[in-house]
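Indexing begins at 1, ligand by ligand and atom by atom, following the structure's order. All values reported here derive from a predicted model rather than from experimental measurement.
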Amino acid sequence: MCGIVGYVGERDATPIIIDGLSRLEYRGYDSAGIAVLQDGAVQLRRDVGKLANLRARLADSPISGQIGIGHTRWATHGAPAEHNAHPHISMNGDFVVVHNGIVENYLELRDELRAEGVVFKSETDTEVIVHLIERFANDGAHRDVTEAARRAITQLRGAHAIVVMSRWQPDRLVAVRIGNAGGVAIGLGNQENFIASDIPAILEQTRRMIFLENRQMATVTARSVSVQTLDGNQVTPSVHTIPWDLVSAAKGEYRHFMQKEIFEQARSITDTIRGRVDFEHHTVQLPELNLTEEAARRIDRVVTVACGTSYYSGLVGKFFIEHLARLRVEVDYGSEYRYRDPIIDDRTAVLAITQSGETVDTLAAMEEARTKGALLWSIVNAIGSQAMRMADGHITMNAGPEIGVASTKAFTASIVDQYLLALHLAQQRGVRTPDHDQRVQDAARLPDLVGRTLERSEQVEELAGLLHHYTNFLYLGRGINYPIALEGALKLKEISYIHAEGYPAGEMKHGPIALIDESMPVLAIALKDSVYEKMISQIEQAKARSAVVIAIATDGDSFIASKADHVLYVPETPELLSPVIAVLPLQMLAYYVAVRRGADVDQPRHLAKSVTVE
Ligand code: M6R
């Protein structure tokens, strides 16, 4: 998705912006550009492809100045091409703009502007913004960029994050946020300030940040940040201090971020649990959820909304909340929720799960829930993200920055968060199950179980060597591990581009079984749990149709070795927590298969880390 970086201060803006953009590479993009004000004129450099191309162009034709904006683009309107890359410049060269989002009414605005004599240089929707700003600036008696931007932006439909620079007022950048097209963070420095769509872009420069809320705009100079609503009312923003460090965002000894993130899950899960569980008194504290006993007793239903991997995490969480807190749970796709007039009232708690906290579909589902009066919770990894801020209460994943596009450690962290949520709900509602104390203790075992599972990576890597040439896979699971089958298949397809289907195992006979033959390996999660016998029978049905069967099985289960062709063993784990363990060999398998196939593991084609368009 698109990324934005801006700088105003006393240093040279170019290297700061390029460094910031390089930290957004993980989001995925197809072109990049930068504009700085140099000797009173806008200097623009843009190029398609990786940032290295833009760097090369800057080396050939350098630009420097103390104020500038940069952008990485993920094409929505207009092909990835230099003339479509941001920043976009106005007719007179007075204004320049970078933008995340989609101008829904750009066709009509473009026609209007064309009728006024504006000549468009790109096929983008963004370009209308910069021409509108110039139009309003020329209309106005006072040459004020903030005012011109405000007037232009009120013409736009859709959700946007926009930064404007002008040679009229060369000391300032104007940043605007409307809706959920990604965040706008303003980093506070010493005699300098920064703007970014994502925290990692400017984290090396400062940890003190202001986040624009919906329909707010900021005028940012080297020494001041003035925040207003789009209606012109002054706002006193809160300043957040971001705790992440850059070291934890670096790849370290690993070849890929995804690999690093898989192998740090013992640590990340420790961080997820840390400080929240009182093992002595068997209680879970989640102060940021802001849930009183009275409010907890009023809730009669939880509706989880999420997308992709976070959605599968929600499917696991349903088992926790229903079993431990005896509350009904529905799990919905964020992208579908608002299209079916969902039944929600003030006794419904809507739980949004989102690693980035900026997924536009999940945010839209949250908005729908808010409008209908639900209690709103979020589970997020990105601190300060929109999903965290708009909820009545939140639980952070504490997984640290997740850079690989394929989500791994955020998936397990969000499952653990929901486990803690279920225990906390049970406490607050006064409905502890007889095994409640044991369930609390079980959480403490997780980091060790995760570590022991990850130690078996060599075996998974060997198996990847045998499987990487297949082009279709079927993943099966049952009970609490059926969402893990879905997640395992998603991991494989998104990074290795192999077609993989995940299914609840009992559904195999209702259709997918027709696909099975010796060319379609079947991966079965068959742990020693309440559905073990059922899974064995699925394995037998697949074997009878000549499938190569790979089983994820519990240590000590020698019987399964006589049924499956390959077995990946995991340590025995309490059934409710087994998804956290069962997913690990599937993450590793997807990773090693993708590496074998020479795929771009951290930035798979067509995907982006933070999906801020519908
Ligand atoms: O940031 P979110 O958790 O809201 O992201 C949701 C999905 O876009 C994300 O999980 C996606 O499916 C990942 N690529 C999965 O690895």
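Heavy-atom proximity to V405, at under 4.0 Å, picks out these atoms of ligand 1: 13 (C), 14 (N), 16 (O). Near A406, with a cut-off below 4.0 Å to any heavy atom, the atoms of ligand 1 are 16 (O). Atom numbering of ligand 1 starts at 1 in the shown order; those under 4.0 Å from a heavy atom of S407 are 15 (C), 16 (O). Close contacts of ligand 1 with S356, meaning ligand atoms under 4.0 Å from a residue heavy atom, involve 1 (O), 2 (P), 4 (O). The ligand atoms of ligand 1 that sit less than 4.0 angstrom from a heavy atom of T354 are 1 (O), 2 (P), 3 (O), 4 (O).
Taking 4.5 Å as the limit, some side-chain heavy atom of T453 sits within range of a side-chain heavy atom of P585. With a 4.5 Å cut-off on side-chain heavy atoms, I415 and F320 count as touching.
Closest protein heavy atom to atom 2 (P) of ligand 1: T359 OG1, 3.3 Å. Among protein heavy atoms, atom 10 (O) of ligand 1 sits closest to T309 N, 3.1 Å. At the top of the distance list for atom 8 (O) of ligand 1, counting protein heavy atoms only, stands V611 CG2, 3.9 Å. Atom 7 (C) of ligand 1 has C307 O, 3.6 Å as its closest protein atom, hydrogens excluded (heavy atom only).
For the pair R456 and Y569, the cation does not sit on the ring face, since its NZ or CZ is not both under 6.0 Å from the ring centre and inside 45° of the axis.
Aromatic pair H256/Y591: ring centres closer than 6.0 Å.
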Checklist line | Pair Q265-T412, side chain to side chain donor-acceptor pair (under 3.5 Å): steps then yes or no | finding: CA-CA 8 Å; Q265 287 176 98; T412 49; 2.7 Å; yes
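Checked against a 3.5 angstrom limit, the closest N/O atoms of E494 and ligand 1 fall inside it.
The aromatic rings of Y482 and F319 lie perpendicular to each other, with more than 60° between the two planes, well past the 30° mark.
Environment of CZ in R301: crowded, with over 12 heavy atoms of neighbouring residues, nucleotides or ligands closer than 6.0 Å.
Of the heavy atoms in K491, only side-chain atoms (C-beta onward) come closer than 4.0 Å to ligand 1.
No donor-acceptor pair under 3.5 Å is formed between the side chain of Q355 and the backbone N or O of N381.
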